[in-house]
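This report refers to the structure that appears directly beneath it.
Since this is a predicted model, take the numbers as computed values, not measurements.
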Amino acid sequence: KSFDEKLSLKTNDIYLKLKLNNNSINININNPKIYYDNKFVDLSKIDVNLNLIKFIKNENSIKNIQIDTKENSIKALTTFINSYKFDIPRFVIFNQIQSGNIQAKTNIFFDEKNQNKFIYEIKGKVNNAKLNTFNGNFISNFEFNFEIKDQIFNFNNINFQYDNVDFQSKKINVTKIGNNFEVKGDLNNKKGLIKLNLFSNLFNINLDFFEKKEISAETENEFSFKINSSRSIKNLNLKSKLKFDEIFTNKKYQDLIYLKDGIIKTEYNENNLSVLVQSKYLFFEDEGKNISNEKNDLNLQIVKKNKEN
């Protein structure tokens with residue numbers, strides 16, 4: 001097997017273990033550094049498993065390689081991985097990360113007949129990361145666990161801050177199909193001050209019928225979409241549930257009432273938007289008068305179809 005001549009390995013201790021019971025040789029390398037040109041990645045260990053018989057015959061003998069890294073900068077690690085033809089930096093999430101640290105364990109399994117063919121599994125954790133979104137905004141304090149197998153990327157225990165709001169996600173799954181990516185996951189935030197245009201900015205949805213003020217709210221969201229080769233979001237599907245204390249509509253539509261103690265359920269599919277508002281309402285002229293009326297219930301549905309304003 002041929003290797004990139006720009007790759008080099010610096011190490012102190014190398015251990016060989018002969019296992020006759022399964023005809024294998026294990027090479028253990030502790031605390032090495034792997035270089036690509038002048039850049040390097042800190043590793044905690046490399047384990048190489050060889051077929052003993054093929055090794056003696058000077059044939060392709062590598063069964064698998066395990067590489068465990070120490071904590072490295074994401075940019076440094078993805079540069080190394082890409083040099084070994086994994087193309088991880090071309091995966092859109094890692095490519096959008098501006099800074100942060102990563103620790104990973106990589107297992108590479110080689111084809112017995114053709115060692116230029118292999119499959120790989122990568123597990124690890126990212127922390128203290130900063131992510132550039134597709135509309136030029138930034139996600140900070142980004143941390144998550146990940147598992148990558150061939151063209152499937154699974155992320156879980158995700159936490160980040162966007163527009164000064166803390167978000168969590170149990171899981172986000174990404175599948176690479178050709179030059180495109182299919183993304184599916186959930187996203188929630190606990191009660192806090194958020195801007196209603198936060199989601200419209202993040203997913204490029206027009207919610208101009210609500211006033212752009214901070215509101216006290218919590219949200220639960222499920223989404224799916226595709227990312228094409230030009231990094232544009234397509235086929236967005238979104239289901240969202242927002243519980244709020246008070247909310248105000250855009251005054252160009254009405255300026256008589258505002259909403260209180262309600263729920264907004266939003267569904268967005270193929271550029272069609274449906275918003276269901278279930279809430280109490282109060283007149284602006286009664287604001288601050290502590291007036292309560294159980295009959296002041298509002299059920300409002302807003303529908304915007306494809307290409308409509």
Side-chain angles (χ1 to χ4, degrees), residues 1-37 39-74 76-91 93-94 101-127 143-157 171-177:
K1 180 173 176 61
S2 60
F3 293 88
D4 192 329
E5 292 181 356
K6 295 181 180 180
L7 284 171
S8 61
L9 184 68
K10 182 180 179 181
T11 183
N12 294 318
D13 300 316
I14 299 178
Y15 301 93
L16 297 178
K17 296 180 180 178
L18 181 62
K19 297 183 177 180
L20 296 176
N21 59 335
N22 59 3
N23 293 322
S24 67
I25 301 174
N26 286 100
I27 303 174
N28 307 116
I29 306 172
N30 294 324
N31 300 312
K33 287 185 178 180
I34 191 162
Y35 285 81
Y36 184 75
D37 285 339
K39 299 179 180 179
F40 69 90
V41 173
D42 263 324
L43 308 178
S44 58
K45 71 172 183 177
I46 299 176
D47 288 342
V48 182
N49 187 18
L50 306 176
N51 182 296
L52 176 59
I53 305 300
K54 290 185 177 183
F55 180 75
I56 294 172
K57 292 181 178 181
N58 198 28
E59 298 176 354
N60 291 330
S61 58
I62 302 175
K63 291 182 176 181
N64 67 280
I65 300 175
Q66 178 179 316
I67 303 172
D68 294 358
T69 77
K70 296 180 180 179
E71 190 169 84
N72 290 272
S73 76
I74 293 170
L77 185 60
T78 51
T79 297
F80 158 68
I81 293 176
N82 191 46
S83 71
Y84 203 66
K85 304 177 183 178
F86 286 142
D87 294 333
I88 292 299
R90 297 176 191 174
F91 173 55
I93 295 297
F94 286 99
N101 299 318
I102 185 171
Q103 189 170 7
K105 175 183 290 187
T106 302
N107 281 293
I108 309 165
F109 303 93
F110 291 89
D111 186 280
E112 291 184 3
K113 295 181 180 180
N114 183 357
Q115 301 228 301
N116 287 313
K117 294 182 178 180
F118 54 84
I119 60 174
Y120 60 87
E121 298 177 355
I122 306 174
K123 296 181 180 180
K125 182 174 183 178
V126 166
N127 57 62
E143 61 179 39
F144 57 88
N145 299 327
F146 64 89
E147 182 176 350
I148 302 171
K149 291 184 178 181
D150 196 19
Q151 305 299 314
I152 300 174
F153 306 77
N154 295 316
F155 303 88
N156 56 71
N157 297 326
K171 63 179 180 179
I172 296 176
N173 301 321
V174 182
T175 303
K176 187 175 186 295
I177 302 176

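- Contact annotation: the side chain of E71 never approaches that of K125 to less than 4.5 Å [non-hydrogen atoms, C-beta and beyond].
- Checked by atom type and distance alone, the side chain of T69 pairs as donor or acceptor with a backbone atom of A104 at under 3.5 Å.
- Taking the six-membered ring for Trp and thresholds of 30 and 60 degrees, F155 and F146 have ring planes inclined between 30 and 60 degrees apart.
- Note: F40 CZ to L9 CG = 13.0 Å, rounded to the nearest 0.5 Å.
- Here CG of N154 is found 8.5 Å from NZ of K171. Values are rounded to the nearest 0.5 Å.
- The backbone N or O of N49 sits nowhere less than 3.5 Å from a side-chain atom of S24 that would complete a donor-acceptor pair.
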Would I27 and I14 count as a side-chain contact (heavy atoms from CB on, under 4.5 Å) if you check the C-alpha gap in whole Å, the side-chain angles of each, and the deciding distance to 0.1 Å? CA-CA 7 Å; I27 303 174; I14 299 178; 3.8 Å; yes

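- A salt bridge links E147 with K149: the distance from a Lys NZ or Arg NE/NH1/NH2 to an Asp or Glu carboxylate oxygen falls below 4.0 Å.
- Between atom CG of residue N26 and atom OH of residue Y15 there is a gap of 14.5 Å, rounded to the nearest 0.5 Å.
- Taking 4.5 Å as the limit, some side-chain heavy atom of I65 sits within range of a side-chain heavy atom of I46.
- For NZ of K70, the number of neighbouring non-hydrogen atoms (other residues, nucleotides, ligands) closer than 6.0 Å is greater than 12.
- A donor-acceptor pair shorter than 3.5 Å can be found between the side chains of Q66 and D68.
- Taking CZ of F55 as the start and CD1 of I62 as the end, the distance is 10.5 Å to the nearest 0.5 Å.
- Crowding of N58 atom CG: a count of heavy atoms from other residues, nucleotides or ligands under 6.0 Å not exceeding 12.
- Within 6.0 Å of atom NZ in K123, 12 or fewer heavy atoms from other residues, nucleotides or ligands are found, so the atom counts as exposed in its surroundings.
- Contact annotation: the side chain of T175 approaches that of I177 to within less than 4.5 Å [non-hydrogen atoms, C-beta and beyond].
- Considering only heavy atoms from C-beta on, N12 stays 4.5 Å or farther from N31 through its side chain.
- Remark: side-chain polar atoms of N72 are paired, donor with acceptor, to backbone N or O of D42 under 3.5 angstrom.
- Taken from CG in N23 to CG in L50, the straight-line distance is 12.5 Å, to the nearest 0.5 Å.
- You'll find the side chain of N127 reaches within 4.5 Å of the side chain of N101, heavy atoms only.
- With values rounded to the nearest 0.5 angstrom, L43 atom CG is found 10.5 Å from K33 atom NZ.
- More than 12 non-hydrogen atoms from other residues, nucleotides or ligands lie less than 6.0 angstrom from CZ of F109.
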